[in-house]
Visitor: 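What follows is a single structure, and I will ask about it in a moment.
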2 protein chains.
Amino acid sequence: MSHTLGIRQAQKQKTRQAFLDAALELLEEQSLSSLGLREVTRAVGVAPTAFYRHFRSTADLGVALVEEALGSLHPMIGATVSAAGDSDQRIAGAVELIAHHVDAYPAHVRFIARERHGGVQPVREAIGAQLARFAEEVRAELATHPEAEGWSDDDLLMLAGLYVDQMLMTASLFLATLDAPEQERARVADVASRRMRLISIGRRHWLG
Amino acid sequence: MSHTLGIRQAQKQKTRQAFLDAALELLEEQSLSSLGLREVTRAVGVAPTAFYRHFRSTADLGVALVEEALGSLHPMIGATVSAAGDSDQRIAGAVELIAHHVDAYPAHVRFIARERHGGVQPVREAIGAQLARFAEEVRAELATHPEAEGWSDDDLLMLAGLYVDQMLMTASLFLATLDAPEQERARVADVASRRMRLISIGRRHWLG
DNA sequence: CCATGCAGTCAACAACTGTTCTCCGGGATC
DNA sequence: GATCCCGGAGAACAGTTGTTGACTGCATGG
């Protein structure tokens, strides 16, 4: 159904993507509220005024980045929750999935972790809304599992939120070990696994 | 023992504190990496060059703010962990303590939540180091409780870190409800309490 | 094939930034 | 009481910032 884009629109999306990529790279060592419009256009190799053809402001750019970054995070969360095997195997698989995602999209993870509590209100709200949607999806997924019998929807949502937050926390810790010895990464993976295990145990004994 | 400060040093500390206060207020709607030197001096009502008499750079100011903000958080964490009563009472008390602290020092909480993953490396590292110290203290406190029997030091530290992160998470959520209806705050307190309860249950069944 | 639309350019604007150097006044020290 | 020390003021520097308006070339739709 997707109509083949004309040369024109294709080029526009291309430079728009260039803006997003350049911004994510610049945001490696600063936060969105200090990201300058000219700074981005310079990195893209385009006139400052071209920015306005794609975004109203840097905050607008930020909201677009939220979709980009959380778009890549979304399938990861789904895969993490619906992993197979017994409890410990599932946890190990989930932690490995997170580590792999951080390797593949470090800038995405960094952006979300940084701007979730960052200084730009619209971006904060966009991230919060999307994460709430993720938690809702996780809740729905958990509800299909047999262990969820007897759980209220509210408690399931609480658990889902705990999982989502824990994933982000873990991802952020992995991020800090990107250029650190392998031993450090193993340590992070170990602690994250034990945290997840404790939550799993709490989940198992929640009722009664 | 403390020698009475001379007029000179007293005045210096006074304006230094004015810098910290002004910075915290400005950081309400932006992040440290976008905080300008002149911006701060303007808020204090002092010449731009006076800044250098107290700090080398804005990153240096940030590190000083870490001590200020975490200094106020420290006793709160201690009180939270060593609260009295049965499990549910302790949890309710802890959540209330957190809510009260957010009311009393919103700017401190905001600063820590924002800059913990923020764009200024030295500040990030300072926060991480202090939080690690907090977790260590919590571990030591937990070790004195009878429920900790049979726990390895490593597992206790894992639990302590989980508590610390959960406190910050909860505090950050309370922060977002500062100018929201009371109902919203109650909702946050409820979810936070249930999270803590799940963790407590996991803790109780961790062994065996 | 021609007219319209639109991504991107260019020049210019006032306002702002961090940093240096020089200077001043008054508390501190002997 | 003379001297030194030092927190702060002032002026000036070269760069940077966001935003404007009028322009150009080219893909598009009639």
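Every chain is numbered from 1 and lettered A, B, ... according to where its sequence line falls, protein lines coming before strand lines.
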Visitor: Pick from B:V102, B:L175, B:L27, B:L24: which one makes a side chain to side chain contact (heavy atoms under 4.5 Å, CB included) with B:R110?
Guide: B:L175

Visitor: Under 4.0 Å, heavy atoms only, any strand: does A:R16 hit a base, just the sugar-phosphate, or nothing?
Guide: nothing

Visitor: Whole angstrom is fine here: how far is it from CD in B:Q13 over to C1' in D:dG7?
Guide: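 These atoms are roughly 14 Å apart.
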
Visitor: Let me know, please, whether A:R38 or A:A50 comes out on the 5' side of the other along DNA chain C by nearest nucleotide.
Guide: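 Checking each residue's closest nucleotide, the 5'-ward one belongs to A:A50.
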
Visitor: Would you classify B:S57 as touching base, sugar-phosphate or nothing, given that sugar-phosphate means primed atoms plus P, OP1 and OP2, and contacts are heavy atoms under 4.0 Å?
Guide: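 Answer is nothing: B:S57 stays at 4.0 Å or more from every strand.
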
Visitor: In this structure, how many angstroms lie between the P atom of D:dG7 and the NZ atom of B:K12, rounded?
Guide: 4 Å

Visitor: Looking only at the side chain of B:T49 (C-beta and beyond, no hydrogens), which of the listed nucleotides D:dT17, C:dC10, D:dA9 gets closest?
Guide: D:dA9

Visitor: Using a cut-off of 4.0 Å on non-hydrogen atoms, how would the nucleic acid contact of B:F51 be classed: base, sugar-phosphate, or nothing?
Guide: nothing

Visitor: Can you tell me the distance, in whole Å, between the OH atom of B:Y52 and the P atom of D:dG10?
Guide: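 Whole-Å distance recorded here is 17 Å.
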
Visitor: Classify the nucleic acid contact of B:R56 as base, sugar-phosphate or nothing, counting any heavy atom under 4.0 Å across all strands shown.
Guide: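 The answer is nothing, as B:R56 stays clear of every strand by at least 4.0 Å.
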
Visitor: Side-chain N or O of B:T15 less than 4.0 angstrom from OP1 or OP2 on D:dG8?
Guide: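 Answer yes for this pair, as a side-chain N or O of B:T15 is under 4.0 Å from OP1 or OP2.
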
Visitor: Any donor-acceptor pair under 3.5 Å linking the side chain of B:R139 with the backbone of B:L159?
Guide: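 No; zero donor-acceptor contacts below 3.5 Å.
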
Visitor: Counting only N and O atoms by type, is there a donor-acceptor contact under 3.5 Å from the side chain of B:R114 to the main-chain atoms of A:R114?
Guide: no

Visitor: Provide, to the nearest angstrom, the distance between the CD atom belonging to B:Q9 and the C1' atom belonging to C:dG26.
Guide: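 After rounding, the gap between these two atoms is 15 Å.
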
Visitor: To the nearest Å, how far apart are B:Q11 CD and C:dG26 C1'?
Guide: 12 Å

Visitor: Salt bridge or not for A:D103 and A:R185, using N-O below 4.0 Å?
Guide: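 The answer is yes: the pair qualifies as a salt bridge.
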
Visitor: So if I take every side-chain heavy atom of B:V46 and compare against D:dA9, C:dG8, C:dG18, which nucleotide ends up nearest?
Guide: D:dA9

Visitor: Nearest of C:dA7, C:dT17, C:dG18 to any side-chain atom of A:R53?
Guide: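 The answer is C:dA7, which lies nearest to the side chain.
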
Visitor: By nearest nucleotide on DNA chain C, pick out whichever of A:G45 and B:I7 is the more 5' one.
Guide: A:G45

Visitor: Give me the atom names and distance for the closest heavy-atom approach of A:A64 to A:L20.
Guide: CB-CD2, 4.0 Å

Visitor: Using whole Å, what does the distance between atom P of nucleotide C:dT20 and atom CG of B:L37 come to?
Guide: 11 Å

Visitor: Taking the minimum atom-to-atom distance to the side chain of A:R8, which one of D:dG7, C:dG8, C:dG5 wins?
Guide: C:dG5

Visitor: Which whole-number value in Å describes the distance from A:K14 NZ to D:dA27 C1'?
Guide: 15 Å

Visitor: Taking 4.0 Å as the cut-off, does a side-chain nitrogen or oxygen of A:R42 come that near to OP1 or OP2 on D:dT17?
Guide: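 So the side-chain polar atoms of A:R42 do come within 4.0 Å of the phosphate oxygens OP1 or OP2 of D:dT17, strictly under.
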
